[in-house]
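Take a look at the structure set out below.
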Amino acid sequence: MQSESETSVRVRFAPSPTGYPHLGNIRTALFNWLFARHHGGTFILRIEDTDIARKVEDAVEVILGSLRWLGLDWDEGPYLQSQRLLTYREFAHKLLDEGHAYSCYCSPERLETMRQEQVQRKQPPKYDRHCRDLTQHERTKVEASGITPVVRFKTPLEGETTFYDLIYGQVTFKHDTLDDFVLLKSDGYPTYHLANVVDDHLMAISHVLRAEEWLSSTPRHVLLYRALDWQPPHFAHLPMILGPDRAKLSKRHGATSIQEYQTQGYLPEAMVNFLALLGWSLDDRTELISREELTKHFSLERVGKTAAIFNKDKLEWMNGVYLRKLSAAEFVRHAMPFMDRALPKLTACPLDQNYVSQALSLIQERARTLAEVPELASFFFSDELQYDRGLLLKGRMDVKSAATAVTIAAQKLRDIATWDATTLEGMLRPLAAELDLKTGNFFGLLRVAVTGRTAAPPLFETMAVLGKGRCLRRLDLALELLSTCFN
RNA sequence: GCCCCCAUCGUCUAGAGGCCUAGGACAUCAGCCUUUCAAGCUGAAGAUCAGGGGUCCGAAUCCCCUUGGGGGCACCA
């Protein structure tokens, strides 16, 4: 920690806009952010948009939006690599001039058939270095035919590269398992390897925290740093987050993009808490931890090495915890957009704010995500309750006594002056005894009548919120439904 | 096929030689609370620490092998 703070910590999150950020991407962003904040360093956002073919139009927007949603604010950027093409070309040419790179004129077709043959022969697919040792004469000859070459790195043929990863420790790769990778594509854009190394150096990145899938390309990067006579940054590869099938997260894993979690009604704080625990832990017991505590305690030493399958059940549980921690007003503020989206007809007319907040406060404790709220609360907002009349007889009551019970209850309720939970309970509980009904059965019957469902918030509070008029109307409706049960 | 990484309950994890007859959390099951649901509380079940060899007085922890899983091997990132 001391050595880390000696030189200023500068980290970056460098997504490519070829898709929407998923849990793994965002976890990487989070760890970078936490690392920067913990050390009082700088968190930089860099968009690696060097693949024009795969670029997704609104991906950058979504990336920025997701980071903002989670409160992962950046100090510099977003830098766009597509606007720095000259810089990469400059260094590609420098490598060319200094003999660390060469122009390759091989056609994609040739490369493809070569690869196929190699795979068929069960050989590692590697570029065969066809153009590596072309004579000047050969070179000018091909160039005359108008082929635009790519620039390839001249990987040393022998020896090995070793680097120290802050999480995985010392890692060594033999050079003969590497090939001459492309630095500059024929369209003039750099590859990831070139752009990434150039930018990390130019932007004075001190620590590269990225997913473990990059571990095996790190030797290439180290080689590049050396060829350019630059000091490489510290590397820390983060364990992968896998889908339920243990494979790398991708589109086919359902909820892939982080923004889907937003629309499903997860709270950013819950998301941050959950993601932080995917690969990092404070101790042997802490599960709920605030952003402040996280930045205070975050350290690379407590990042694990094993890939994790993310556990949606646990996320849901945690989100429920965060939902319940909200004040009633905050809960309403968070839930309203979901209400509007799911129940546009019902919320179209201006609703009494007091009614809404009373209703939602009964829902708050029962929701695990905000997207569940409209469904859980819908009976508060619909005039015409729709339910199967059979529900009224759930308490294995016969139709007649059910009808009697509802009739008497409605009668008595009509005369109530103060409509609140306490009064309602004071009236209805003794009534159950008078009717010689178990409270469970009687209250269950009223619950269905009043909410249209067997599972709902506590009856008296619910009735108190619904109000006298609504309750009485619904009891009448129940009576009607019961009457249709006779024969 | 080659290279790299990893390996503790179903899942997330604690564990850096004796504190481990392996701890916590989610999920599961049971009980309590209770008008239902949810929440809460209590408890149960669940890991021969992948397997096999070493090292050591002593290993989940160190070493080796095997197996399994993942990742990489593009003019994609």
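All heavy atoms count here, side chains included; hydrogens, waters and symmetry mates do not. Here is the naming used below: chain letters follow the sequence lines, and residue numbers restart at 1 for every chain.
Across all strands, A:Thr454 comes closer than 4.0 Å to base atoms (heavy-atom distances). As judged by a 4.0 angstrom heavy-atom cut-off over every strand, A:Arg152 is placed among residues touching the sugar-phosphate backbone only. Residue-level contact check: A:Val150 touches the bases, meaning some heavy atom is under 4.0 Å from a base atom. Base engagement by A:Ala456 is indicated by at least one non-hydrogen atom pair under 4.0 Å involving a base atom. Among the atoms of the strands shown, only primed sugar atoms or phosphate atoms (P, OP1, OP2) are found under 4.0 Å from some heavy atom of A:Gly279. Looking at heavy-atom distances under 4.0 Å, A:Ser186 makes contact with a base. When heavy atoms are screened at a 4.0 angstrom cut-off, A:Tyr189 is found touching no nucleic acid atom at all. Base engagement by A:Pro458 is indicated by at least one non-hydrogen atom pair under 4.0 Å involving a base atom. Among the heavy atoms of the strands lying under 4.0 Å from A:Thr172 are primed sugar atoms or P, OP1, OP2 only; no base atom is included. Contact annotation for A:Cys106: base contact, defined as any heavy-atom pair under 4.0 Å involving a base atom. Backbone-only contact: A:Arg302 has heavy atoms under 4.0 Å from sugar-phosphate atoms and none from a base. Residue contacts for A:Glu365: at a heavy-atom cut-off of 4.0 Å it reaches a base atom on one of the strands shown. When heavy atoms are screened at a 4.0 angstrom cut-off, A:Thr50 is found touching the sugar-phosphate backbone but no base atom.
Distance alone, capped at 3.5 Å, is enough to place a donor-acceptor pair between the A:Ser66 side chain and the A:Val62 backbone. Judged by distance alone, the side chain of A:Gln264 and the main-chain N or O of A:Thr369 form no donor-acceptor pair under 3.5 Å.
For A:Glu287 and B:rG24, a side-chain-to-base donor-acceptor distance below 3.5 Å is present, hydrogens and geometry of angles not being considered. Not a single donor-acceptor contact under 3.5 angstrom links the side-chain atoms of A:Thr177 to the base of B:rC3.
With respect to A:Arg366 and A:Glu372, no salt bridge is recorded, no charged nitrogen being found less than 4.0 Å from a carboxylate O. Between A:Asp128 and A:Arg110 there is a salt bridge, with a side-chain nitrogen of the basic residue lying less than 4.0 Å from a carboxylate oxygen of the acidic one.
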Any chance you could lay out the side chain to side chain contact (heavy atoms under 4.5 Å, CB included) test for A:Phe91 and A:Leu202, step after step, and finish with the verdict?
CA-CA 11 Å; A:Phe91 287 104; A:Leu202 261 28; 4.1 Å; yes
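Between A:Tyr192 and A:His221, the ring centre distance stays below 6.0 Å. A:Phe443 has its ring centre less than 6.0 Å from the ring centre of A:Phe460. Under the 6.0 Å cut-off for aromatic ring centres, A:Phe31 and A:Phe298 qualify, their centroids lying closer than that.
The aromatic rings of A:Phe153 and A:His100 sit parallel, their planes meeting at an angle under 30°, below the 60° perpendicular limit.
Base-pair partner of B:rG1: B:rC73 (Watson-Crick or G-U wobble, both distances under 3.5 Å).
Residue A:Gln81 forms a side chain to side chain donor-acceptor pair (under 3.5 Å) with just one option from A:Thr87, A:Asp199, A:Asn196, A:Asp49, and that option is A:Asp199.
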Taking only N/O atoms, report every protein-nucleotides 27-34 of chain B pair under 3.5 Å with atom names and distance.
residue: B:rA27; atom: OP1; partner: A:Arg368; partner atom: NH2; Å: 3.4

Protein-nucleic acid N or O pairs under 3.5 Å, nucleotides 44-47 of chain B:
none

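When the P atom of B:rC76 is taken as reference, atom NZ of A:Lys55 falls 15 Å away, rounded to whole Å. Rounding to whole angstrom units, CG of residue A:Leu278 and C1' of B:rC12 are separated by 7 Å. For A:Lys126 and B:rG72, the NZ to P distance is 19 Å, given to the nearest whole Å.
Picking from B:rA77, B:rC6, B:rC12 the nucleotide with the shortest atom distance to the side chain of A:Tyr168 gives B:rC6. The side chain of A:Arg366 has B:rC37 as its nearest neighbour among B:rC37, B:rC12, B:rC75. Residue A:Arg324 places its side chain closer to B:rA39 than to any other of B:rA77, B:rA39, B:rC5. Candidate nucleotides B:rG1, B:rA38, B:rC75 were compared by shortest atom distance to the side chain of A:Pro125, and B:rG1 ranks first. In this structure, of B:rA14, B:rG24, B:rG71, it is B:rG71 that holds the atom nearest to the side chain of A:Glu212. Of the candidates B:rC4, B:rC12, B:rG72, the closest approach to any side-chain atom of A:Ser216 belongs to B:rG72.
Using a 4.5 Å heavy-atom threshold, the side chains of A:Trp280 and A:Leu238 count as separate. Two residues are said to be in side-chain contact when any heavy atoms from C-beta on lie closer than 4.5 Å; A:Pro374 and A:Met339 meet this criterion. Looking at heavy atoms from C-beta onward, A:Leu267 lies out of side-chain contact with A:Lys325 at the 4.5 angstrom threshold.
Stacking of A:Arg152 on the aromatic ring of A:Tyr127 is recorded, both the 6.0 Å distance cut-off and the 45° axial limit being met.
Scanning for side-chain hydrogen bond (donor to acceptor under 3.5 Å, both in side chains) contacts around A:Thr18 gives A:Ser16, with sequence neighbours left out. For A:Asn32, the side-chain hydrogen bond (donor to acceptor under 3.5 Å, both in side chains) criterion is met by no residue, not counting sequence neighbours.
Within residues 154-163 of chain A, no residue places a heavy atom under 4.0 Å from RNA chain B. Contacts with RNA chain B (heavy atom under 4.0 Å) in residues 237-248 of chain A: A:Met240, A:Arg246, A:Ala247, A:Lys248, listed by number.
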